[in-house]
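Structure first, commentary second.
Values below: every heavy atom of this structure, side chains too, minus hydrogens, waters and symmetry copies. Below, read A as the first sequence line, B as the second, and so on, with proteins coming before strands; counting in each chain starts at 1.
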4 protein chains.
Amino acid sequence: MGLNKFLFTGNLTRDAEIASTTGDRARALIRLAVNDVWTDEQGQRHERANFFNITVWGSDAENAAKYLGKGSLIFVEGRLASTEWEKDGEKRYGTDLVATQIQYVDTKKPGSDNA
Amino acid sequence: MGLNKFLFTGNLTRDAEIASTTGDRARALIRLAVNDVWTDEQGQRHERANFFNITVWGSDAENAAKYLGKGSLIFVEGRLASTEWEKDGEKRYGTDLVATQIQYVDTKKPGSDNA
Amino acid sequence: MGLNKFLFTGNLTRDAEIASTTGDRARALIRLAVNDVWTDEQGQRHERANFFNITVWGSDAENAAKYLGKGSLIFVEGRLASTEWEKDGEKRYGTDLVATQIQYVDTKKPGSDNA
Amino acid sequence: MGLNKFLFTGNLTRDAEIASTTGDRARALIRLAVNDVWTDEQGQRHERANFFNITVWGSDAENAAKYLGKGSLIFVEGRLASTEWEKDGEKRYGTDLVATQIQYVDTKKPGSDNA
DNA sequence: TTTT
DNA sequence: TTTT
């Protein structure tokens, strides 16, 4: 019921690929670099990239695998999901990013147009 | 330069507290439950809560510690930061959530009004 | 396909009421006051209320009419729709606000609890 | 004090231009098309564009005039302001959209890169 | 480590 | 007054 949304613009650091298909539902993984620029209190300019793994489902996943390559610029909207799992008897917590919508700003993949 | 934003509405699962102060800059941690309700293809209703740790800085942190208690309903906006660290010689990757704006929708803390 | 969202917290300036029902679909109108506080460059504090008419559909409309009265505090999420119409042979343009989700923060209506 | 926010992604329907400058404060107007796609209960696909006028102030206005042309894809965040005025002795009410943040997703203006 |  |  609560609002749960993320918004990114960034570039793929590798080609999008189908990671699995269960039933008829494809799942792709997108590795995104989101660039950050800021100036600190001393007026010094800084740059840093943040890297995110984003899960894409269904026909969005199939389109991503077809059209999105390394370097592609996209706008992504999605939801955050909290996860927990166990490793070596120790509980761990993490955050998953699931895309609900992708807009192709600049498709770098050969043979694809920006449609 | 890229767009990097998250938006949540949710309830605190515990009182907000100052976690540390470096120089004059306070840092608080907020533990947020964001409730999700959806109906699947079979018309079955599902509910699930997602839990997020959100870092708050400066005067926002001080106000959070003063006014936000367990159960408080807030709107939070912020940025996602990718992190990497090592444990037992193994690289791990995660995602931090940093608040840039908090709006108090319903303050549950005794002694605080919704002003 | 584009992102289109508004977010408000505010108080009703009058009781919510069903405005019409077409088929089985109810439509209610909510009149919301959203308070604004800011300090100008001279450090002077200002206050102002903004007033918005928000359209609510279906079961949300029925619930609003049942539970939301003058003074109720709510969180509303919704979409903006551009409209155009003619009056006296002159074209006019406006903006409609349509709720997609309402959270009751404080129900002022007698006989309703904050559930 | 209340939350008051809008979020759009859309394309400019014309070049951004400085509308006025008072003191040293520039004001620009952006005309945005926000595309909407949905499928109704009959499975029929619909498309519609919503058109919004957004006011931009200060250096954001100057940058918009420099970098944003017809077709540019942007993300805009801002506040809604209710307005009232009189025309022919009749009171009219409207809603203004004021940008607080603009992110350039795809700058179409010749001579500008997506920096 | 879990809120309404 | 309409963009992809």
Find the distance D:D36:CG to F:dT3:C1' and express it as a whole number of Å.
14 Å
Nucleic acid contacts of residues 75-86 of chain D, taken as heavy-atom distances under 4.0 Å to DNA chain F:
none
When rounded to whole Å, the CD to C1' distance for the pair C:E90 and F:dT1 reads 14 Å
Ring pair (Phe, Tyr, Trp, His ring centres under 6.0 Å) involving B:F8 - partner list, sequence neighbours excluded
B:F6, B:F52
To the nearest angstrom, how far is D:L73 atom CG from F:dT3 atom P?
15 Å
Rounded distance in Å - OH (C:Y93) to P (F:dT1):
4 Å
Could you measure the distance from the CZ atom of A:R79 to the CG atom of A:N4? Nearest 0.5 Å is fine.
4.5 Å
Can you tell me the distance, in whole Å, between the OH atom of B:Y104 and the P atom of E:dT3?
21 Å
Derivation of the side chain to side chain contact (heavy atoms under 4.5 Å, CB included) call for C:V56 and C:V76
CA-CA 10 Å; C:V56 190; C:V76 207; over 6 Å; no
When you measure only distances, ignoring hydrogens and angles, does the side chain of D:N35 come within 3.5 Å of the base of F:dT3 through a donor and an acceptor?
yes
How many whole angstroms separate atom CG of D:L32 from atom P of F:dT4?
12 Å
Please enumerate all residues that pass side-chain hydrogen bond (donor to acceptor under 3.5 Å, both in side chains) together with D:E90, with sequence neighbours excluded.
C:K87
Residue D:N11, side-chain heavy atoms: nucleotide from E:dT1, E:dT3, F:dT3 that is nearest:
F:dT3
Check every atom of F:dT1, E:dT3, E:dT1 against the side chain of B:A33 and return the nucleotide holding the closest atom.
E:dT3
Measure across B:L80 and A:L80 and return the closest heavy-atom pair with its distance rounded to 0.1 Å.
CD2-CD2, 3.9 Å
Apply side chain to side chain contact (heavy atoms under 4.5 Å, CB included) to A:L7 and C:L3, showing your working.
CA-CA 10 Å; A:L7 307 160; C:L3 172 69; 3.8 Å; yes
Measure CZ/C:R92 against C1'/F:dT1 and give the value in whole Å, please.
17 Å
When the distance from CG of B:D106 to C1' of E:dT4 is rounded to whole Å, what number comes out?
10 Å
Tell me, yes or no, whether the heavy-atom count around B:E17 atom CD, taken from other residues, nucleotides or ligands under 6.0 Å, exceeds 12.
no
